[in-house]
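Before any comments, here is the structure.
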Amino acid sequence: MILGDVSACIFIDDQELPEYDVVVSSTPTENRTTCWIASAEGKKFGVRTKVLAKQTSGIVTTVFIDGVRCCVYAGPPGYSGTLDHTFLTNGRVRRDFVFSKLELTDDDSMLDDRTSNDIGQIVMEKATGKYTMTEHVVGSQDVTLRVPEGKVHERSKKACSHRVTFGEEVPHHDPGIPFTIMQDNSPKSVFVFKYTRLDVLQAMGVAPYTPSTAKTEPQPEDHNDEIEVMDGPNESSPSDDVKPLARIRELEMELQRLRAQVEDRKPSLVKLEHGGSRRKQAVMEVIDLTD
C-alpha cells in the first residue's frame with residue numbers, strides 16, 4: 001500500500017503478501033489505508049517500509065503488532081530508503097514476529113480483557129517533525145520482553161483465527177537510536193494490515209479462490225458420474241484431474257478409430273457376439289481380431 005511518498009507491506013520469506021480490500025481514508029490529522037492479508041501459521045514475517053523520496057524534515061516510523069509497540073526508527077531530513085522490521089528488541093535480546101494460532105477460552109473472566117482488542121492488526125505509522133538529539137542510556141531496559149500472549153475469550157474475536165507471537169529470546173546487541181522526532185502538525189500516514197487465514201478471507205468474499213482451493217469446492221455436477229471401464233482398449237486408469245465426460249469422449253474416439261480399422265481391412269459384415277443384424281440373412285465371414 002502507498003500513501004504519498006511512503007509505502008508499506010508485510011512479507012514472508014522476502015515475498016510481499018497480496019493485499020485485499022484496500023480502503024483509503026483521510027482526516028485533518030492522518031491519512032489512513034487499510035487492507036486484509038493472509039497470515040500463515042508458524043511463519044515468521046516482517047514489516048517493510050519504503051520512503052520513496054527524500055524527506056524535507058525528520059521522520060519517525062513506528063510499528064505496532066497486535067497493539068504492542070515493537071519498533072521505532074527516526075530518520076534525519078533528506079532520508080530515503082527501505083526499513084525492514086522483523087523482531088521485537090530491547091537492545092539486549094530479540095524475539096522474531098511469528099504468525100500463530102489464536103488460542104480461545106470460554107472463561108468469562110477474560111471477556112473484559114482489553115489487551116485482545118488489537119489482535120489481528122499490524123500497524124505502521126509514519127510522522128514528520130524536527131530531528132533532535134535525545135538522552136539514551138544503553139542497558140537500562142529490562143532484559144526480558146514480556147508481552148501479552150495468553151488465551152482470548154471465544155466471543156471477543158469473530159473473524160480472527162491467528163495472532164502474532166514472538167519467538168524465543170536470542171542475544172541481540174542494539175544500542176538504539178540517540179535521536180527522536182518532535183512531531184509537527186503534518187498529518188500522519190497510517191498503514192493498517194488486518195490478517196487472518198486465507199480460507200477465512202475467501203469465505204468472507206475478500207480474497208479470490210485460487211485454482212488449488214477451487215478443486216476442493218463442491219461441484220454442481222452429478223456426484224454419481226464415476227465410470228469404470230472394463231476390458232477397454234486402454235486399461236490404464238485416467239489421471240485424477242481428467243473429467244469423466246472428457247474420458248468418455250476419449251473412449252468414443254478410440255472406438256471410432258477401431259471401427260475404421262475394421263472397415264479398412266474387410267468390407268464384409270462382422271458377426272456380433274451378442275445380438276444380430278436386422279438385415280436379411282447373408283453369408284458372413286468371421287474375422288479374427290485377436291491377432
Side-chain angles (χ1 to χ4, degrees), residues 1 6-17 37-51 55 58-76 78-103 115-116 118-129 131-152 162-183 188-195:
M1 296 189 292
V6 178
S7 71
C9 69
I10 307 300
F11 64 91
I12 293 177
D13 297 331
D14 205 36
Q15 298 295 315
E16 298 183 6
L17 299 184
I37 59 169
S39 49
E41 185 176 331
K43 281 287 190 178
K44 296 180 181 180
F45 70 93
V47 183
R48 177 169 293 156
T49 303
K50 294 182 180 180
V51 181
Q55 302 297 290
I59 66 165
V60 59
T61 62
T62 309
V63 174
F64 299 88
I65 306 291
D66 288 354
V68 178
R69 180 179 172 180
C70 294
C71 310
V72 179
Y73 174 80
Y79 175 81
S80 65
T82 300
L83 302 168
D84 284 354
H85 301 294
T86 60
F87 53 81
L88 174 68
T89 184
N90 59 10
R92 296 283 189 89
V93 295
R94 58 177 280 182
R95 299 179 67 186
D96 294 332
F97 304 153
V98 183
F99 285 124
S100 302
K101 182 179 180 180
L102 180 66
E103 295 187 8
T115 61
S116 65
D118 293 317
I119 290 178
Q121 289 193 152
I122 301 167
V123 180
M124 196 286 291
E125 295 182 354
K126 175 251 184 181
T128 59
Y131 186 71
T132 183
M133 179 77 72
T134 184
E135 293 184 4
H136 184 80
V137 180
V138 178
S140 62
Q141 308 96 326
D142 185 2
V143 174
T144 59
L145 299 172
R146 301 183 181 93
V147 294
E149 295 179 278
K151 295 182 179 180
V152 173
H162 288 162
R163 71 173 304 162
V164 174
T165 58
F166 300 92
E168 296 294 329
E169 293 184 359
V170 296
H172 178 76
H173 177 68
D174 182 3
I177 303 171
F179 294 92
T180 188
I181 297 294
M182 298 180 62
Q183 295 186 25
K188 293 191 299 184
S189 298
V190 181
F191 299 79
V192 180
F193 301 89
K194 298 183 290 184
Y195 65 86

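Because only heavy atoms are used, hydrogens play no part in the values below, and waters and symmetry mates are left out as well, while side chains stay in. Residue numbers count from 1 along this sequence.
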CD1 (Ile12) and CD1 (Ile37) are apart, to the nearest 0.5 Å, by 7.0 Å
Of all heavy-atom pairs linking Ala127 and Lys188, the shortest is CB-CG, 3.9 Å
Please check if the distance between the ring centroids of Phe193 and Phe45 is under 6.0 Å.
no
Next on the checklist: Please evaluate residues Phe191 and Val123 with respect to the criterion side-chain contact (heavy atoms from CB on, under 4.5 Å), reporting the C-alpha separation (whole Å), side-chain torsions for both, the decisive distance (0.1 Å), and the verdict.
Outcome noted: CA-CA 6 Å; Phe191 299 79; Val123 180; over 6 Å; no
(request) Would you check if the side chain of Asp13 reaches a backbone N or O of Gln15 as a donor-acceptor pair within less than 3.5 Å? (result) no
Shortest non-hydrogen pair, Tyr195 vs Gln121, comes out as CE2-N, 3.4 Å
Rounded to the nearest 0.5 angstrom, the NE2-CD1 distance for His162 and Ile119 is 13.0 Å
In this structure, CZ of Arg95 is separated from OG1 of Thr89 (nearest 0.5 Å) by 11.5 Å
Less than 4.5 Å apart, side chain to side chain, heavy atoms only: is that true for Asp14 and Arg48? yes
To the nearest 0.5 Å, atom OG1 of Thr165 lies from atom CZ of Phe97 at 11.5 Å
CE (Met124) and SG (Cys71) are apart, to the nearest 0.5 Å, by 11.5 Å
Heavy-atom nearest pair, Leu88 first then Arg69, reads CD1-O, 4.1 Å
Does Asp96 use its side chain to pair, donor to acceptor, with the backbone of Phe166 at less than 3.5 Å? no
Ring-ring centroid check His85 Tyr73, cutoff 6.0 Å: no
*Quick one: are Ile10 and Val47 in side-chain contact, heavy atoms under 4.5 Å?*
yes
Taken in chain and number order and not counting sequence neighbours, the residues that satisfy side chain to side chain donor-acceptor pair (under 3.5 Å) with Lys101 are none
**Request:** Measure the shortest side-chain to side-chain distance between Ile122 and Phe64 over non-hydrogen atoms and say whether it is less than 4.5 angstrom.
**Result:** no
Would you mind reporting whether Thr128 and Ile181 have side-chain heavy atoms less than 4.5 Å apart?
no
Should Val60 and Val72 count as side-chain neighbours, where that means a heavy-atom distance under 4.5 Å?
yes
**Request:** Apply side-chain contact (heavy atoms from CB on, under 4.5 Å) to the pair Lys44 and Thr86, showing each step before the final yes or no.
**Result:** CA-CA 8 Å; Lys44 296 180 181 180; Thr86 60; over 6 Å; no
OH (Tyr79) and CD (Gln55) are apart, to the nearest 0.5 Å, by 9.5 Å
